[in-house]
Q: 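Here's a structure for you.
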Number of protein chains: 2
Amino acid sequence: MSSVDEDGDLTAKAVIRNAALRLFAELGHDAVTMRQIAAAAGVSPALVVHHFGSKDGLRAAVDAYAGRAFDSLFAMDEHDVADAVAGDNWMSVAEMFARAFPPGSPLPAYLRRLLLTNDPAGAALFGRWFNQTHQLLDSLTEIGATRPSEDPAVRAAFLLVNDLALLLLRNQVAAAIGVDPLTPEGMARWAKEVTAVYQQGAFVSAPEEEQS
Amino acid sequence: MSSVDEDGDLTAKAVIRNAALRLFAELGHDAVTMRQIAAAAGVSPALVVHHFGSKDGLRAAVDAYAGRAFDSLFAMDEHDVADAVAGDNWMSVAEMFARAFPPGSPLPAYLRRLLLTNDPAGAALFGRWFNQTHQLLDSLTEIGATRPSEDPAVRAAFLLVNDLALLLLRNQVAAAIGVDPLTPEGMARWAKEVTAVYQQGAFVSAPEEEQS
DNA sequence: TAGCATACTGAACATGAGTTCAGTCGACGA
DNA sequence: TCGTCGACTGAACTCATGTTCAGTATGCTA
């Protein structure tokens, strides 16, 4: 079996859930069959439905499990807001992921699936992150750490979307710049450039104030 | 039928291809059945395989068709580079899409699917866009329109990824800020904020302030 | 010990998928 | 007029999928 390595003393139910999480993240919910999941977990297909009722039930359980994992990430984030305010580098969601989860974790890919399939769970997650980003920006503005924005909601969405983009397009970015941006090396290069743009901008304002 | 409105004088083969493009874009390749496509095109399932050989053949045909459409978008982009250089606002990929394709076009959603499924066609597209963005930045730097970057490749990837993210997360963004960012109204708000950040930055560089 | 609930399995079932096939219809050239 | 070719269809076939079911084993409780 491919999952023996981390079975340990987990219950069969947990083993099935983990196998499903990994397969769902890699291949997508629809492309994964109950038989694949059962095989990956080293059990019979009937046991999967015994524990989770149906494939939808399993999916719901996996969603809930991943949701809890993301929530803990959330808590860590709240805690690190102080650092974000104190330091002068932007702590991206991708960076938080890379720090919170081991390299082989299927959770980043699972978040990707959630956001891309227009899943309600993904929408809820995005909404919470958006609110948190919005509040963080407000706090930063209060202490004068950000340049004021005429449209704080759009700015929050812009920053959040930029962060998530790295997660969504990780593979394409890796191919383009030659290094996986979720490795420490890639993260360093990425963060440096992001910080530069967010602090000084990327383009020089046109001298003439006359615009169409 | 739902596609009668634009059938016109198209051949049945083209009608099938269009119906498949729309359904693939909306629901994903795997979630769409041959019978759905046939029904949407007002045709029997057997005719679909008669014209395209198999579902994979149909998918390949749709990919090729969409690829040609994106290539034409590409050409337009090259042509508009002058404007991008002359004006002082960043012309995003999402903006190009909104201008090139009618509001109801399935092509943005199809590109989304291409990028998300790690499709080779999507990877090739991303690679070409990356190279073009890189060159554009070089040109802009030459004429002093950008602040110099220590890592031009990463900066190009960063800007491109930010643009594409809006396409990928369109729905979530719409829910968060209350307006679809691909409509003229939404685009205006989004572009204004993006331009502001890209010109002046979002954060104030931390001086030697005492930090808690 | 008896009784019972729970974990678990192998085999079968029902359904929906992609595909095949025999055949109809109409256009067009000899 | 005949014959052929391509567009097109309805029905059937094959297969994989999610699910069900009858039954076994193991431990817990009384």
Side-chain angles (χ1 to χ4, degrees), chain A residues 1-4 6-66 110 113 117 119-121, chain B residues 1-4 6-66 110 113 117 119:
Chain A
M1 317 284 121
S2 62
S3 58
V4 165
E6 58 183 40
D7 279 6
D9 54 354
L10 292 179
T11 74
K13 192 172 179 179
V15 172
I16 293 170
R17 195 232 305 118
N18 289 349
L21 170 62
R22 173 157 259 117
L23 286 169
F24 284 163
E26 282 173 11
L27 306 172
H29 298 100
D30 292 339
V32 176
T33 72
M34 295 288 265
R35 284 169 177 82
Q36 276 181 282
I37 297 167
V43 300
S44 73
L47 188 62
V48 180
V49 13
H50 171 72
H51 278 304
F52 296 96
S54 67
K55 191 182 182 182
D56 276 344
L58 172 58
R59 182 188 166 145
V62 170
D63 276 354
Y65 177 73
Y110 198 79
R113 293 275 168 204
T117 49
D119 199 291
Chain B
M1 306 296 118
S2 60
S3 58
V4 164
E6 57 183 41
D7 280 6
D9 54 355
L10 292 179
T11 76
K13 192 172 178 179
V15 172
I16 294 169
R17 197 231 305 119
N18 289 349
L21 170 62
R22 173 157 259 118
L23 286 170
F24 284 162
E26 282 173 10
L27 305 172
H29 298 100
D30 292 340
V32 176
T33 72
M34 296 288 264
R35 286 169 176 82
Q36 275 181 283
I37 297 167
V43 124
S44 75
L47 187 63
V48 179
V49 15
H50 172 72
H51 278 304
F52 296 96
S54 67
K55 191 181 183 181
D56 276 344
L58 172 58
R59 180 187 167 147
V62 170
D63 275 354
Y65 177 73
Y110 199 79
R113 283 254 131 68
T117 49
D119 200 294

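Hydrogens, waters and symmetry mates play no part in the numbers below; they use all other heavy atoms, side chains included. Here the structure is a predicted model, which is why all the values come from computation and not from measurement. Sequence lines set the chain letters: A, B, ... in the order given, protein chains first and strands last, and positions in each chain run from 1.
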Q: B:H51 side chain N/O closer than 4.0 Å to the phosphate oxygens (OP1, OP2) of D:dC8?
A: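 The answer is yes; a side-chain N or O of B:H51 sits under 4.0 Å from OP1 or OP2.
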Q: Please determine, for the side chain of B:S54, which listed nucleotide (C:dT19, D:dT19, D:dA7) has the closest atom?
A: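 Nearest to the side-chain atoms of B:S54, counting from C-beta on, is C:dT19.
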Q: Calculate the interatomic distance between B:Q36 atom CD and C:dA17 atom P; express it in whole Å.
A: 8 Å
Q: Which atom names give the shortest non-hydrogen contact between A:Q36 and A:L27, and what distance separates them?
A: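 That would be NE2-CD1, 4.0 Å.
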Q: Looking only at heavy atoms, what is the nearest atom pair of A:V62 and A:A20, with distance?
A: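 Result for this residue pair: CG2-CB, 3.9 Å.
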Q: Output the rounded distance in Å from CZ (B:R59) to P (C:dG18).
A: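 In whole Å, C:dG18 P lies 13 Å from B:R59 CZ.
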Q: Can you tell me the distance, in whole Å, between the CG atom of A:L58 and the P atom of D:dT17?
A: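 Going from CG in A:L58 over to P in D:dT17 covers 16 Å.
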Q: Is A:R113 close enough and on-axis enough to A:F24, meaning under 6.0 Å and within 45°, for cation-pi?
A: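 Geometry flag: not set, cation outside 6.0 Å or 45°.
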Q: Without decimals, in angstroms, what is the distance between A:M34 CE and D:dT20 P?
A: 10 Å
Q: What is the nucleic acid contact for A:V32, judged by heavy atoms within less than 4.0 Å: base, sugar-phosphate only, or nothing?
A: sugar-phosphate
Q: Using whole Å, report how far CD1 of B:I16 lies from P of D:dA7.
A: 11 Å
Q: May I ask you to verify whether the side chain of B:R35 and the base of C:dG16 hold a donor-acceptor pair under 3.5 Å?
A: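 Answer is no: no donor-acceptor pair is held.
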Q: What are the two closest heavy atoms between A:H29 and A:K55, and how far apart are they?
A: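 Nearest heavy atoms, A:H29 then A:K55: O-NZ, 3.3 Å.
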Q: Separation of A:H29 atom NE2 from D:dT17 atom C1', in whole Å?
A: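 Computing the A:H29:NE2 to D:dT17:C1' distance gives 17 Å.
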Q: Which of these nucleotides, D:dT19, D:dG18, C:dT9, is closest to any side-chain atom of A:T33?
A: D:dG18
Q: Taking all atoms of both residues into account, what is the closest heavy-atom pair of B:A19 and B:I37, and its distance?
A: CB-O, 4.2 Å
Q: Send over the distance from B:D30 CG to C:dG18 P, rounded to a whole Å.
A: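 So the CG-P distance, B:D30 to C:dG18, works out to 10 Å.
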Q: For A:H50 and A:A46, find the nucleotide of DNA chain C closest to each by heavy atoms; which residue's nucleotide sits nearer the 5' end?
A: A:H50
Q: Can you tell me the distance, in whole Å, between the CD1 atom of A:I37 and the C1' atom of D:dT17?
A: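 Nearest whole value for this atom pair: 12 Å.
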